[in-house]
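These notes are about the structure you will find just below.
To find a chain, count down the sequence lines: A is the first, B the second, and so on, and within it residues start at 1.
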Number of protein chains: 2
Amino acid sequence: MIKCHLSKLMGEKKLKIVDVARETGVNRGTITRLYHETASRVELETIDALCRYLDCEVGELFEFMDDH
Amino acid sequence: MIKCHLSKLMGEKKLKIVDVARETGVNRGTITRLYHETASRVELETIDALCRYLDCEVGELFEFMDDH
DNA sequence: TCATAATGTTCTTCTGTAGATCATTATGCA
DNA sequence: TGCATAATGATCTACAGAAGAACATTATGA
């Protein structure tokens with residue numbers, strides 16, 4: 001499975017969902033879904049905006065968990 | 001922008017699009033779009049299948065390129 | 001050269017995000 | 001403590017693009 005670490009990254013920086021949505025320009029619903037890991041599809045543009053805003057790599061945002 | 005390194009990873013292993021599609025169960029059209037970087041959206045399930053098949057991390061498949 | 005495999009291309013279908021709105025909960029201040 | 005406001009949760013419709021299939025074109029190799 002692919003784990004999304006958005007909530008962890010946001011928690012470390014004490015960011016709110018509204019902040020991230022406002023600053024990245026990404027829809028709040030989208031941020032909410034990634035935060036709660038209920039998203040199953042993601043726009044590359046969204047990943048781009050999050051990496052830029054959180055100053056992180058794609059690999060820090062999404063992790064491949066080998067659960068066979 | 002987000003760069004997809006699927007073509008590079010496939011090239012290194014001399015893999016064909018049909019092979020990857022067959023082995024991962026991902027639609028060939030989807031592999032083709034990622035290969036040619038014409039995809040703008042991606043299923044987490046697809047990333048999962050590719051990471052597992054290529055034995056790589058998400059960060060090796062997608063890279064954040066900071067082009068301001 | 002010919003058969004077959006691989007890739008490219010195009011079309012329809014359908015899923016899930018985008019975006020908006022409303023409901024609920026949390027927060028801060030008087 | 002109560003109230004105003006901000007943040008989050010939840011839900012709905014519209015739409016973009018992946019999924020999947022089918023057909024065309026190109027590459028491969030016997």
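- Summarising the geometry, the separation between NE2 on B:H36 and P on D:dA18 is reported as 14 Å, rounded to the nearest angstrom.
- Across all their heavy atoms, B:A49 and B:V26 have their closest contact at CB-CG2, 3.9 Å.
- Residue B:E37 contributes atom CD, which lies 14 Å from atom P of C:dG8 at whole-angstrom precision.
- When side chains are defined from C-beta on, B:Y35 counts as touching B:I17, because their heavy atoms get closer than 4.5 Å.
- Checking D:dG20, C:dT9, C:dA6 against every side-chain atom of B:N27, the shortest atom distance belongs to D:dG20.
- The side-chain hydrogen bond (donor to acceptor under 3.5 Å, both in side chains) test applied to A:E37 returns A:K3, not counting sequence neighbours.
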Just the atom pairs and distances: protein N or O near nucleotides 23-29 of chain D's N or O, under 3.5 Å.
none

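- Residues of residues 11-20 of chain A having a heavy atom closer than 4.0 Å to DNA chain D, listed by number: A:K16, A:I17, A:V18.
- The separation between A:R22 atom CZ and C:dA20 atom P is 15 Å, rounded to whole Å.
- Nearest-nucleotide positions on DNA chain D for A:G29 and B:I31 put A:G29 closer to the 5' end.
- Residue pairs meeting the salt bridge (charged side-chain N to carboxylate O under 4.0 Å, His left out) criterion with at least one partner in residues 4-15 of chain B, sequence neighbours excluded, are absent.
- For residues 26-36 of chain A, the set of pairs meeting the salt bridge (charged side-chain N to carboxylate O under 4.0 Å, His left out) definition, not counting sequence neighbours, is empty.
- Considering all non-hydrogen atoms of both residues, A:A21 and A:N27 come closest at CB-C, 4.4 Å.
- B:D19 meets the side-chain contact (heavy atoms from CB on, under 4.5 Å) test with B:K16, B:R22, B:Y53; sequence neighbours excluded.
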Listing time: all N or O pairs from protein to nucleotides 15-17 of chain C that are below 3.5 Å?
unit_1, atom_1, unit_2, atom_2, d
C:dT15, O2, A:R41, NH1, 3.3
C:dT15, O2, A:R41, NH2, 3.1
C:dG16, O4', A:R41, NH1, 3.4
C:dG16, O4', A:R41, NH2, 3.3
C:dT17, OP1, A:S40, N, 2.6
C:dT17, OP1, A:S40, OG, 3.4
C:dT17, OP1, A:R41, N, 2.9
C:dT17, OP1, A:R41, O, 3.4

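- The side-chain hydrogen bond (donor to acceptor under 3.5 Å, both in side chains) search around B:E60 returns none, not counting sequence neighbours.
- Looking at every heavy atom in both residues, B:A39 comes nearest to B:L34 through CB-CD2, 3.9 Å.
- Side-chain contact between A:F62 and A:L6 is absent, with no heavy atoms from C-beta onward closer than 4.5 Å.
- For A:E63, the side-chain hydrogen bond (donor to acceptor under 3.5 Å, both in side chains) partners at least two apart in sequence or on another chain are A:H5.
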